[in-house]
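Working notes for the structure below.
This is a predicted model, so every value here is computed, not measured. Along the sequence shown, residues are numbered consecutively beginning with 1.
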Amino acid sequence: MKSLSLRTVLKSALLIALGAALYALAFNWFFLPNGLTLGGFTGASQIVNHLLPAVPIGVLTIVMNVPLFMLGVRRMGVGLLISSLCATAASSLLLDLLGALVTFPPMEPLLACIYGGALLGAGVGLMLLVNATTGGTELLARLLKFRFRHLSIGRLCLICDLVVVCLYALVFRSVHNALYSIIALYISSHTIDMVLYGSRTAQLAYIISGKRDQMRQALLQLDLGITLLPATGGFSGDPKQVILCAFKRNQIAAVKAKVHAVDPEAFLIVCQAHEVLGEGFGSYSQENL
């Protein structure tokens, strides 16, 4: 296992603690009082707790995660497993501790779905940023990601959770609560993806200008990499060159200002790229989520 700097360890510990706190808060504030389920092993623990009230939900979650963690050692490695164990222990303990200290009243179910799903997704996403999971659905989705590379972590979590939600509806005999839970989990899955992939997104610009050379020099002054693409005018049939440029989201104002300053008549198309790999951006790794 690679040695980690103290700063890296502290940063990971802080994100795990914050993510676990948001996870526990979302469950106790929005899900539990309103009869909603988180899905995954926590949702399965809710079902068992309903049948056997003497067994705490947090303890059940830990016990049910043990076999999955054992399966994850070979694929994820000891380092990832340790961080996930810390995240699982922290979220489970905080879940029971907060539940013992504060009793939150029920609220409008739709509000619970929206804010609970967003808070849950933020907590899970923060932990996944440092390759930690709360076990259950998140750990299963983390392992499935190696097999289904085309699916995002949020989407994989949603697929796994739907099975538990259906069981939850049968046990609690509440179709309405199950439907509300699906809304919450859908919002949660999108929030997870926003936390995980939001920092990797970039802007992509296509620039068509009669002042190609001046435009190229101006963009290079912003320390941006550019590519010239051959093109042909659809109306005139004249040969042209399209300038392709990728840049970070916080550079969009500077790029638009530079393009307008060089050529106010330039045709500029800006769109969002889900992920950009290469110099100045991210690099490919098989371990990437």
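The shortest side-chain heavy-atom distance between Ile183 and Ile187 falls under the 4.5 Å cut-off. For the pair Gln272 and Gln203, the minimum side-chain heavy-atom distance is below 4.5 Å. Looking at heavy atoms from C-beta onward, Asn34 lies out of side-chain contact with Trp29 at the 4.5 angstrom threshold. By the 4.5 Å heavy-atom criterion applied to side chains, Tyr206 and Leu244 are counted as neighbours. Residues Met107 and Tyr115 have side chains not in contact (no heavy-atom distance under 4.5 Å, counting atoms from C-beta outward). You'll find the side chain of Ser91 stays beyond 4.5 Å of the side chain of Phe27, heavy atoms only.
Distance check, rounded to the nearest 0.5 Å: CD of Glu108 to CD1 of Ile114 gives 9.0 Å. In this structure, the separation between OG on Ser152 and CG on Leu196 is 8.5 Å, given to the nearest 0.5 Å. Between atom CZ of residue Arg212 and atom CD of residue Gln214 there is a gap of 9.5 Å, rounded to the nearest 0.5 Å. Taken to the nearest 0.5 Å, the CG atom of Leu32 stands 9.0 Å off from the OG1 atom of Thr103. Here SG of Cys86 is found 12.0 Å from CE of Met127. Values are rounded to the nearest 0.5 Å. Here CD of Glu265 is found 9.5 Å from OG of Ser209. Values are rounded to the nearest 0.5 Å.
Ala266 approaches Val259 most closely through the heavy-atom pair CB-CG1, 3.9 Å. Summarising the geometry of Ala178 relative to Ala169, their closest heavy-atom pair is CB-CB, 3.5 Å, with the distance given to 0.1 Å. Here the shortest heavy-atom pairing between Leu36 and Ser181 reads CA-OG, 3.5 Å. Scanning all heavy atoms of the two residues, the minimum distance from Ala246 to Leu204 falls at CB-CD1, 3.8 Å.
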What side-chain donor-acceptor pairs closer than 3.5 Å can you find for residues 10-24, not counting sequence neighbours?
| unit_1 | atom_1 | unit_2 | atom_2 | d |
| --- | --- | --- | --- | --- |
| Ser12 | OG | Thr8 | O | 3.0 |
| Tyr23 | OH | Thr42 | OG1 | 2.6 |

Report, one line per pair, each donor and acceptor closer than 3.5 Å where one atom sits in a side chain of residues 116-125; sequence neighbours left out.
none

Below 3.5 Å, can you tabulate the donor-acceptor pairs from side chains in residues 215-236 to any protein atom, sequence neighbours excluded?
| unit_1 | atom_1 | unit_2 | atom_2 | d |
| --- | --- | --- | --- | --- |
| Ser236 | OG | Asp238 | N | 3.2 |
| Ser236 | OG | Asp238 | OD2 | 3.3 |

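For Ser188 (side chain) and Ala184 (main-chain N/O), no donor-acceptor pair under 3.5 Å exists by modelled atom type. At least one donor-acceptor pair closer than 3.5 Å links the side chain of Lys145 to the backbone N or O of Leu151. A donor-acceptor contact shorter than 3.5 Å links the side chain of Asp193 to the backbone of Gly154.
Put simply, Leu25 and Leu101 are part of the same group of oily side chains (I, L, V, M, F, W, Y) that touch within less than 4.5 Å, one to the next. Placement of Leu126 and Leu93 in two distinct hydrophobic clusters is found when ILVMFWY residues are connected by side-chain heavy-atom separations under 4.5 Å, directly or transitively. Grouping the Ile, Leu, Val, Met, Phe, Trp and Tyr side chains by contacts below 4.5 angstrom, directly or via other members, places Phe30 with Val102. Phe31 and Leu97 fall within the same hydrophobic cluster, where Ile, Leu, Val, Met, Phe, Trp and Tyr residues are linked whenever their side-chain heavy atoms come under 4.5 Å apart, directly or through other members. Residues Ile243 and Ile208 fall into different hydrophobic clusters, defined by Ile, Leu, Val, Met, Phe, Trp and Tyr side chains chained together at heavy-atom separations under 4.5 Å.
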Might you work through the side-chain contact (heavy atoms from CB on, under 4.5 Å) test for Cys160 and Leu144, ending with a clear yes or no?
CA-CA 10 Å; Cys160 296; Leu144 289 175; 4.0 Å; yes
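Taking the six-membered ring for Trp and the full ring otherwise, Tyr186 and His190 have centroids separated by under 6.0 Å.
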